[in-house]
Amino acid sequence: MDESTPPALPKRIREAIERAREIASRAHCPYSQFHVGCVLIDASGRWFEGCNVENASYSVTLCAERVAASQAVAQGSRDWKEIIIVSPTRVSPCGTCRQFLFEFAPDMQVYLGDLTTDDVIGPLALRDFLPMAMTLQQTELPRRNS
Ligand code: THU
C-alpha cells in the first residue's frame with residue numbers, strides 16, 4: 001500500500017454504509033427529494049437507525065441523525081462510538097444535529113458516505129465539527145486581557 005492509499009474501512013463501517021443506504025430509501029422527503037440514512041453504533045456494538053422525516057411545515061423536519069439518536073436514547077443507549085451518514089452528496093451533519101449529538105457523545109467518530117460509490121469521508125471526531133460547543137458548563141473560551 002503506498003502512502004496515498006487510505007486505510008481500508010473496517011467491515012462494520014462498510015456494512016453500516018449498506019444499511020444506511022437501505023434506511024435512506026425510507027426517508028420521507030417529498031420537499032427536498034434528498035434521501036439521508038444514518039446508522040449510529042454504540043460502545044456495546046448496538047445499531048440505531050434513522051432517516052430524514054420532512055414535513056409540510058418545513059422547519060418541523062427531522063434529520064436522519066436526530067431520528068437515530070432519539071431512538072438510541074429511548075432504548076437506553078448513550079455511549080455512542082460511531083455515526084455513519086449517507087446522502088446523495090456525502091453531506092456533513094447540520095448545526096442542529098451537531099449540537100444534538102454532542103450532548104451525548106462529543107468524541108464519537110463520524111463517517112460520511114453517499115448512496116452509490118465507495119468514497120467515504122472519515123473517521124472524523126464529532127468534536128471537530130463543533131468547536132466551542134454550547135454546554136451548561138462554564139465556557140472555557142479565550143478571554144479579553146483588558
Ligand atoms: N438532512 C439530514 O437528514 N441530515 C443531514 O445531515 C443534512 C440534511 C435532511 C434534512 C432535509 O430533509 C434534507 O436532508 C435536505 O436538507
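Start at 1 and go down the list; that is how both ligands and their atoms are numbered.
Atom NE2 of residue His35 and atom OG of residue Ser87 lie 11.5 Å apart, to the nearest 0.5 angstrom. How far CG of Leu112 is from CG of Asp119: 12.0 Å, rounded to the nearest 0.5 Å. Between the CD1 atom of Ile17 and the CD atom of Glu22 there is a distance of 13.0 Å, given to the nearest 0.5 Å. The CD atom of Glu15 sits 4.0 Å away from atom NZ of Lys11, with the distance rounded to the nearest 0.5 Å.
Atoms of ligand 1 lying under 4.0 Å from any heavy atom of Asn52, numbered from 1 in the order shown and given with element: 3 (O), 9 (C), 11 (C), 12 (O), 13 (C), 14 (O). Heavy-atom contacts of Pro93 reach the following atoms of ligand 1: 6 (O) (cutoff under 4.0 Å). Those atoms of ligand 1 that come under 4.0 Å of a heavy atom in Val36, given as number and element, are 1 (N), 2 (C), 3 (O), 4 (N), 9 (C), 14 (O). Within the listing of ligand 1, atoms 13 (C), 15 (C) sit less than 4.0 angstrom from a heavy atom of Ser32.
What sits closest to atom 11 (C) of ligand 1 on the protein, heavy atoms only, is Glu54 OE2, 3.3 Å. Of the protein's heavy atoms, Glu65 OE2, 2.5 Å lies nearest to atom 6 (O) of ligand 1. Protein heavy atom nearest atom 7 (C) of ligand 1, with residue, atom name and distance: Val91 CG1, 3.8 Å. Among protein heavy atoms, atom 16 (O) of ligand 1 sits closest to Phe34 CD2, 4.7 Å.
Residues Asp42 and Ser77 approach most closely at OD2-OG, 2.8 Å, considering heavy atoms.
Side-chain polar atoms of Asn55 and Thr61 form no donor-acceptor pair below 3.5 angstrom. Counting only N and O atoms by type, the side chains of Arg98 and Ser92 include a donor and acceptor under 3.5 Å apart.
Contact annotation: Thr61 has at least one heavy atom less than 4.0 Å from an atom of ligand 1. The shortest heavy-atom distance from Cys97 to ligand 1 is not under 4.0 Å.
Among Ala64, Cys63, Ala68, Ser92, the residue whose heavy atom lies nearest to atom 10 (C) of ligand 1 is Cys63.
Other residues, nucleotides and ligands contribute only 12 or fewer heavy atoms inside 6.0 Å of the CG atom of Asp118.
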